[in-house]
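Scroll down for the structure; my scribbles are underneath it.
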Number of protein chains: 2
Amino acid sequence: MGRTKQKQQTRDRHQEILDAAARVITERGLAETRISDIAERCGVSPGLILYYFESKDRLLVEALTFANDQFYLRLSRELRRMRSARQQLTRLIELSVPGLLPEFERLDEWALWIEIWVLALRDPSMAKEREVLDRRWRQSIAEVIHRGRSTGEFPEGTDADELGMQIGALIDGLAVQVLMNDTTLSPARMRQVCMDVAARLIGFAPEPVPA
Amino acid sequence: MGRTKQKQQTRDRHQEILDAAARVITERGLAETRISDIAERCGVSPGLILYYFESKDRLLVEALTFANDQFYLRLSRELRRMRSARQQLTRLIELSVPGLLPEFERLDEWALWIEIWVLALRDPSMAKEREVLDRRWRQSIAEVIHRGRSTGEFPEGTDADELGMQIGALIDGLAVQVLMNDTTLSPARMRQVCMDVAARLIGFAPEPVPA
DNA sequence: GGCCCGAATCTGAACGGCCAGTCAACTCGA
DNA sequence: TCGAGTTGACTGGCCGTTCAGATTCGGGCC
């Protein structure tokens, strides 16, 4: 019990720091994130951060993948609840639209994704991590499609992994635009566009457009 | 003549610096770009950089939009040469796939795009600039579609601007993946996927898949 | 032409702030 | 008593920016 609790606490401190780091990065951006900001957010001294992580760079990489893991866990938890593949797809899209769901004072995971991309361009460990995260993301989409086909909701057609890649890429591209507050693309519209294109690519009847 | 030449030279130095900055950013990344790197690349002293630009930050923003302008100029120059809309679309896609065309020792403009996104999240002037650049990009696609419809190559259907947004987002998303050297998506395959999805969304007969 | 002057261009040393990472010392629970 | 956890002052280097002066250039004047 004692040992468990101690380990537990250690891990908590780890996660606490990772979580704080992710929040700070989201708010201030990777480039403007100082160790002391993270420490302050934890209510802890700067030295302690370096006691738990060997360097700032390493911490940042871990924080980014940590945050993405959180998103993924939430996504799969929610999808598991849904009955129909169509509902799943809808929810998956909704969770992907920046700023659509204000619940949980949700950070914009997408801002972190872009930071991941920049890092991954030069940092090999981040590049590797990124590919894992990305594959998981596309696979989630493909699984929904598989499921829809097995229940007969979606017709057979293009390979599901291929569709996962296509729809995933579409969501990525649109999400960036929405995240940037592009005046021509609101969150609600992005949701609509995604559903629409997904319907056409997968081959099911689209939702009626709201008047 | 004298005055013209003088102005010309000044602008040359300006552009020279912008160009050098863009190259350095592409190679080392925005975060690792020092003023002295840019100066060295120009064969000039660091002080001079600040003589032409009021601050490092401003220079970086200008360099990024400068590079994007270059890409756009090249794109529209090339498209103007093409006869059919289909050729235009193909070329547009080819120019968008990172690393597909090695000609011109082409930098990967996409790396710069991602840096633009990160900056735009926090820097209002960059955000504004980004929206302009992005609109221009999507509009280029929409124009090709319009053209194809006016010549009868493409059928009528979904609004061309809407399609520009959809196809543009798809290209963005895929380009990021390719840029990251994702093992599951080669440049050639991205080209194929883009053509394929574009064909389905616009509604023309796809290219035959090469054996 | 040859000379001069002022402005534009350019240099590189020096300044100053910032911040990652170190470390010696302290706390406290087991 | 021991050692994991924690502190916060300190340091060492880095880099944007400034600045005082050197150099170059172009055009007016004899």
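A, B, ... follow the sequence lines: proteins, then strands. Residue 1 opens every chain.
Around the CD atom of A/E40, the shell of radius 6.0 Å holds no more than 12 heavy atoms that belong to other residues, nucleotides or ligands.
Side-chain N or O atoms of B/D159 include one that pairs as donor or acceptor with a backbone N or O of B/D161 at under 3.5 Å.
Taking the charged nitrogens against the carboxylate oxygens, A/E109 and A/R74 have no contact shorter than 4.0 Å, which rules out a salt bridge. Look at B/E131 and B/R135 and you find a salt bridge, because one of the NZ, NE, NH1 or NH2 atoms lies within 4.0 Å of a carboxylate O, short of that distance. Salt-bridge formation is not detected for the pair A/D123/A/R130: no Lys NZ or Arg NE/NH1/NH2 atom is positioned less than 4.0 Å from an Asp or Glu carboxylate oxygen.
For C/dC10, the OP1/OP2 oxygens have a side-chain nitrogen or oxygen of B/Y52 closer than 4.0 Å. When the side-chain nitrogen and oxygen atoms of B/R13 are compared with OP1 and OP2 of C/dA8, none of them lie within a distance under 4.0 Å.
Remark: C1' of C/dC23 and CG of A/L48 are 14 Å apart, rounded to the nearest angstrom. Counting to the nearest Å, the P atom of C/dC18 and the CG atom of A/D37 are 13 Å from each other. Between the CD1 atom of B/I49 and the P atom of D/dT18 there is a distance of 14 Å, given to the nearest Å. When rounded to the nearest whole Å, the span between CD1 of B/I17 and P of C/dC10 equals 8 Å.
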**Request:** For each nucleotide in nucleotides 9-17 of chain D, reading 5' to 3', give B when a protein heavy atom comes within less than 4.0 Å of its base, S when such contact involves only the sugar-phosphate, and - otherwise.
**Result:** ------SSS
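The side chain of A/Y51 has D/dG5 as its nearest neighbour among D/dG5, C/dT11, C/dT9.
Across all non-hydrogen atoms, the minimal contact from A/I145 to A/A160 is CG2-CB, 4.0 Å.
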